Amino acid sequence: MTEIRLTNTRTRTKEPFAPIDPDDVRMYVCGPTVYDRAHLGNARPAVVFDVLYRLLRHVYGAGHVKYVRNITDVEDKIIDRARANGEAIEDLTRRTTGWYHADMDALGVLRPNEEPHATDYVAQMIAMIEALIARGCAYAAEGHVLFSVASFPDYGALSGRSVEDMIAGARVEVAPYKRDPMDFVLWKPSAADEPGWESPWGRGRPGWHIECSAMSEALLGASFDIHGGGADLMFPHHENEVAQSCCAHPEGSFARFWLHNEMLLVEGRKMSKSLGNFFTVRDLLEGRTEFGPVTGEEIRLAFLLSHYRAPMDLNATRVETARAVRAEICEALGKRGSAALAARAPGAPIEAVVARLADDLDTPGALAELRGWLGLKRKQMTGEVLDRIVASLDLLGLDLRGAASTGDYARLYDAEPGAHADPALAACEARLAELRAAAKQSGDFAEADALKAGLVAAGVEVRILPAGPFLIRQATHDPAAVARLAATERA
RNA sequence: GGCGAGUUGGCGGAGUGGUUACGCAGCGGAUUGCAAAUCCGUGUACAGGGGUUCGAUUCCCCUACUCGCCUCCA
């Protein structure tokens, strides 16, 4: 069996991964707070841990992996946004959850096995808070319940910082009801116009951290294999989760492996609204950024081109590289022709690709290995090789068999290619062949060149082979522009 | 102030104690009506300073710079 090695934040080292139960590998990842469109930074952990999920499924079997990613649907940002929009909280969270799903689907991110909503687990949170109070790890004060950091000697171990350092250097919220400035909220009172649940401490709502402790325990147990999230969650969120879960369930180990993905940068700077380099996944997909339209596969590739533990800088070069790799994959998949493309089924993935992924999720390395295979000559691109490429692409979450350009490349490699699948492009292709034939007689290529330029501008690759012109739709191709060209040429 | 990551050729980005990936761009050639695509060939690098070593870009230390986290944040 493939040995997976992962960098464990707990130990700061790369360790061999062995699940508690190979028949039930369990992973928890912190999901989105649903109050707005997912920004690009939200997408990074979704993609990173999707690759890990796919790898775990490959190694342990699809039925033996349980992946839980929560939806935080109670939080002050949500309350504020709903109030600002003048809408009900439920309407806001339902809509934004739908957006999140649509955007992650576009990136080829598989749905987790469970996607618990915080508001469905308030009873479990209250029970856990009661247990913490009973064990002397938490205390109620003025309608709040606070976790007592002093009760957990290992506090700070995960993020590698001491309580003294934090008090000295960081701004810590001082509140009169706190016994210790580092104590954090498990439960807080709700005003009449805020969402709330009845509890032993009055009507209120949970603090941010308790939901992950309660939901991971409910769905994965007191001990599970992997907990993931963005590096910025390491402190305080994950540190607090560890404190809550380990104190509530001293018999369990909570998460054995902690994985953190590094942050996203845009042109070398942190993405932020004030810098004007902030954008959502949807902005990118719909071309509302300086990068023009970027497909879901290209965004995914842009992520995979960086190692998850390195900051990823999104810039024009990165987007271009992602586009080039996507085109490379599409052409490679078409090298055996249309019939083969339709028939291809995944086989066993390329060992070198699996090995790279198993080595701490080395996606840039895996892509490098894969690209070696993509570049094979047509003669070497046998059915078996293609099967292995397809299987490897599946592991990376990049099935491009259905892409328009893949089909167009396949036709290019057909022994007897028929007309172009797209009628407007078929017309343009025939017209271009006609114009070129006439131009070769007259020596005036102006018309042929104008059509060619129009096609390129519409996102269509023009390849002129001895057999004649071939038109290939690229990811960015604009069907409306092509239709206009076809109509003009007919007239 | 505390913690962490990083600094590789024009750009992006791997990697290794000795023989210097790869991609893009560039340059030369083949091909082309011209291009594109394709094919062949080709150059430049390891932030600075010490140390360990027969030998360091690769290990250790220091310095500089960059970035992130420490507050809601993926």
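These numbers were taken from a predicted model, which means no experiment stands behind them. Every heavy atom of this structure was used, including side-chain atoms; hydrogens, water molecules and symmetry mates were not. Order of the sequence lines fixes the chain letters, A, B, ..., with proteins taken first and strands second; residue numbering starts at 1 for each chain.
The side chain of Pro45(A) lies closest to A74(B), out of A37(B), A74(B), C72(B). Nearest nucleotide to the side chain of Phe235(A), out of U71(B), A5(B), C72(B): U71(B).
If you measure from atom CG of Asp313(A) to atom P of U66(B), you get 16 Å, rounded to the nearest angstrom. Atom CG in Leu264(A) sits about 13 Å away from atom C1' in C73(B), given to the nearest Å. One interatomic measurement links the two molecules: NZ of Lys452(A) to P of G33(B), which rounds to 10 Å at whole-angstrom precision. Nucleotide C3(B) holds its C1' atom 20 Å from the CZ atom of Arg10(A), rounded to whole Å.
Residue-level contact check: Gly229(A) touches the backbone only, with heavy atoms under 4.0 Å from sugar-phosphate atoms and none from bases. Within 4.0 Å of Ile464(A), counting heavy atoms only, lies at least one base atom of the nucleic acid. At the heavy-atom level, Leu40(A) lies nowhere under 4.0 Å from the strands shown.
Side-chain atoms of Asp449(A) come within donor-acceptor range of the base of G33(B), with a qualifying N/O pair under 3.5 Å. At a cut-off of 3.5 angstrom, counting only N and O atoms as typed in the model, there is a donor on one side and an acceptor on the other between the side-chain of Arg436(A) and the base of G33(B).
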For RNA chain B, what dot-bracket results from Watson-Crick or G-U pairs at under 3.5 Å, with [ ] for crossers and | for inter-strand partners?
(((((((..(((.....[...))).(((((.......)))))....(((((..]....))))))))))))....

